[in-house]
Amino acid sequence: MPFKPFPAAIAVLVGLIIWFVIPVPADVTPEAWHMLALFIATIVAIIGKVLPIGAIAIIAVTLVAVTGVTNESPKEAISDALSSYSSPLIWLIGIAVMISRGLIKTGLGRRIAYYFISIFGKKSIGVAYSLTAAELMIAPITPSNTARGGGIIHPIMKSIAQSFHSTPEEGTQKKIGRYLAMVNYHANPITSGMFITATAPNPLVVDLVNKATGGDIQLSWTTWAVAMFVPGMLCLILMPLVIYVIYPPDLKVTPNAKKFATENLDEMGSISKQEKIMLGVFALMLILWANIPALIFGEVFSVDATTTAFIGLTTLILTGVLTWEDVLKEKSAWDTIIWFGALIMMASYLNKLGLISWFSSNIESMIGTTGVGWMGAVAILTLVYLYIHYFFASTTAHITALFAAFYAVGLSLGAPPMLYALILAAAGNIMMTLTHYATGTAPVIFNSDYVTLGEWWGIGAIMSVVNLVVWIGAGLVWWKVLGYY
């Protein structure tokens, strides 16, 4: 990505105006205000895609250290700027991205998708559910939702559409390709919300919730997965049906899809030794993340989520499924570690320096005057938090910029901490449905030209409402059963 001087100038100008021009509010320290200037400038740079997000993160770390906004001592300032890189959450997501490379390298991801299609591919809606099931099955160990939806599932979806001569080039995308492309995309936000390790920003939410509640609310991998399972599954079941009703494919019966998948499975041959190892590691990680050994044998056998990820990667390296060269070449993993660490550090210090509590108290006062109570406040905050994503081209930037403040406001107005954390966590993934730039998966699928811009935005708005109503509606019942409020 080349350097973009105009967006860069805007980011710098915004930072300078906040730092030097806008007066520091009476209840805010200069250090907190200056950190806000650096933070907002960083977010503007990310939104404007001035440079790759990892490069922007390096610049942000440098500026925090050089300006001394966290500490006047140069040695302490650089320590503060680098403080988040020891966070287990950062390494959990980075290592999981590396492990997901094994799904692509061994072909296991493709085999899983073809397997489902070979069973349920007699009708177009069966193909849709097969793609959705494959997306769900690999979601727990593919924290790059772009790699999952755009890199693994989308090529298979395109191949199926092409086998029916449903392509934009032929003008026949409505035959089945448009429908499958929409399902391909809209499965992605739902599965992303079902597991901490299904998309990169989720661990950031975990960290922000933990800090905002003083450690009282700790969303473990198991807690998140159990809490999101019922509403997520309901959304996955409904999504292909809703799209089928609104944008039905011309081709309803698809026997060729089953034949296509079977032929590809035959071409792949019997499951290889490396695929078996990958499948075993996948199962082992799910068992450890679900804390099953501790449930059976006691807490002494409990394994930390990040430790589990390291165990998985170590096993893949020792068995030769992945080489160290594969790990080094997994640029997205190292990139994620860099930018994730920088954003967590800045968000953390905004909280430590008191900026978040100041901002939330002001929003609290504004909403408090309406007299809507905490339930009304949560509804208002959630809707604003979700639909403001029309102005963001990155879920990471959105969550980093707004989650802590919105969460703090809800808590101060009396929202149950766990309940509100789960609602905002769900909204942070549902918002991916909205636009063709909402998350990295969107442009990959949109640029294949199966769906027009109007169709994309239309179905995105509809699915955001469907997902929000179903997820929160079912969630309120399920989370009550689980005793989360």
Side-chain angles (χ1 to χ4, degrees), residues 1 3-5 7-22 24-25 28-94 200-201 203-204 206-208 210-212 306 331-359 394 396-405:
M1 181 188 296
F3 175 72
K4 297 181 179 179
I10 294 176
V12 171
L13 181 62
V14 167
L16 291 175
I17 288 174
I18 295 172
W19 189 300
F20 293 107
V21 179
I22 300 177
V24 179
V28 178
T29 64
E31 292 79 11
W33 195 250
H34 295 159
M35 175 60 86
L36 177 66
L38 295 178
F39 177 75
I40 292 180
T42 300
I43 297 300
V44 172
I46 291 172
I47 294 172
K49 299 182 179 179
V50 172
L51 284 168
I53 189 171
I56 295 172
I58 289 293
I59 295 170
V61 168
T62 303
L63 290 173
V64 169
V66 169
T67 57
V69 292
T70 63
N71 201 300
E72 292 182 358
S73 167
K75 288 185 178 180
E76 293 296 330
I78 186 61
S79 294
D80 291 343
L82 297 173
S83 59
S84 289
Y85 289 103
S86 61
S87 169
L89 281 172
I90 293 172
W91 287 98
L92 168 62
I93 206 74
L204 178 59
V206 173
D207 187 72
L208 293 173
N210 182 41
K211 286 183 169 62
T306 305
K331 295 180 181 179
S332 62
W334 299 109
D335 186 50
T336 299
I337 290 170
I338 294 296
W339 64 253
F340 200 27
L343 292 179
I344 283 183
M345 175 272 295
M346 297 183 81
S348 176
Y349 274 99
L350 282 174
N351 191 35
K352 288 180 180 179
L353 295 170
L355 198 283
I356 297 299
S357 60
W358 170 81
F359 179 78
S394 164
T396 301
H398 182 151
I399 290 170
T400 305
L402 301 177
F403 184 93

For this session: Quick one: pull up CD1 in Ile18 and CD1 in Ile40 and give me the separation to the nearest 0.5 Å.
Result: 3.5 Å
Exercise. With no hydrogens and no angle check, is any side-chain donor or acceptor of Tyr85 less than 3.5 Å from a backbone partner on Trp91?
Worked result: no
Exercise. Which pairs pass side-chain hydrogen bond (donor to acceptor under 3.5 Å, both in side chains) with one or both residues in residues 61-74, sequence neighbours excluded?
Worked result: Thr70-Asp80
For this session: Report the C-alpha separation of Met35 and Leu355 in whole Å, then their side-chain angles, then the decisive distance to 0.1 Å, and conclude whether the side-chain contact (heavy atoms from CB on, under 4.5 Å) test is met.
Result: CA-CA 9 Å; Met35 175 60 86; Leu355 198 283; over 6 Å; no
Seminar exercise, completed: Distance col, row Ile10:CD1 vs Ile47:CD1, nearest 0.5 angstrom, shows 11.0 Å
Exercise. Taking all atoms of both residues into account, what is the closest heavy-atom pair of Ala45 and Ile56, and its distance?
Worked result: O-CD1, 3.5 Å
Exercise. Would a distance-only check, ignoring hydrogens and angles, find a side-chain to backbone donor-acceptor pair under 3.5 Å from Trp33 to Pro25?
Worked result: no
Exercise. How many angstroms lie between atom CD1 of Ile338 and atom NZ of Lys331, to the nearest 0.5 angstrom?
Worked result: 14.5 Å
Exercise. Taking the side chain as C-beta and beyond, is there a heavy-atom pair between Val21 and Leu16 under 4.5 Å?
Worked result: no
Problem set entry | Taking every non-hydrogen atom, the tightest pair across Glu31 and Val69 | CB-O, 3.4 Å
Seminar exercise, completed: Rounded to the nearest 0.5 Å, the NE2 atom of His34 sits from the OG1 atom of Thr29 at a distance of 9.0 Å
Exercise. Heavy-atom distance under 4.5 Å between the side chains of Lys211 and Ser348, does that happen here?
Worked result: yes
Exercise. Looking at OG1 of Thr400 and CD1 of Ile43, how far apart are the two atoms once the value is rounded to the nearest 0.5 Å?
Worked result: 5.0 Å
Exercise. Taking all atoms of both residues into account, what is the closest heavy-atom pair of Met346 and Ala60, and its distance?
Worked result: SD-CB, 3.8 Å
Exercise. Residues in ring pair (Phe, Tyr, Trp, His ring centres under 6.0 Å) with Tyr349, at least two apart?
Worked result: none
For this session: Please round to the nearest 0.5 Å and tell me the distance separating atom CD1 of Ile22 and atom CG of Leu36.
Result: 8.5 Å
Seminar exercise, completed: When every non-hydrogen atom of Val61 is compared with those of Ala342, the smallest separation belongs to CG2-CB, 3.8 Å
Exercise. What's the shortest heavy-atom distance between Thr396 and Pro201, and which atoms?
Worked result: OG1-CG, 3.5 Å
For this session: Kindly give the heavy-atom pair with the smallest separation between Pro88 and Thr306, and that separation in Å.
Result: O-OG1, 2.9 Å
For this session: Might you work through the side-chain contact (heavy atoms from CB on, under 4.5 Å) test for Leu63 and Thr42, ending with a clear yes or no?
Result: CA-CA 10 Å; Leu63 290 173; Thr42 300; over 6 Å; no
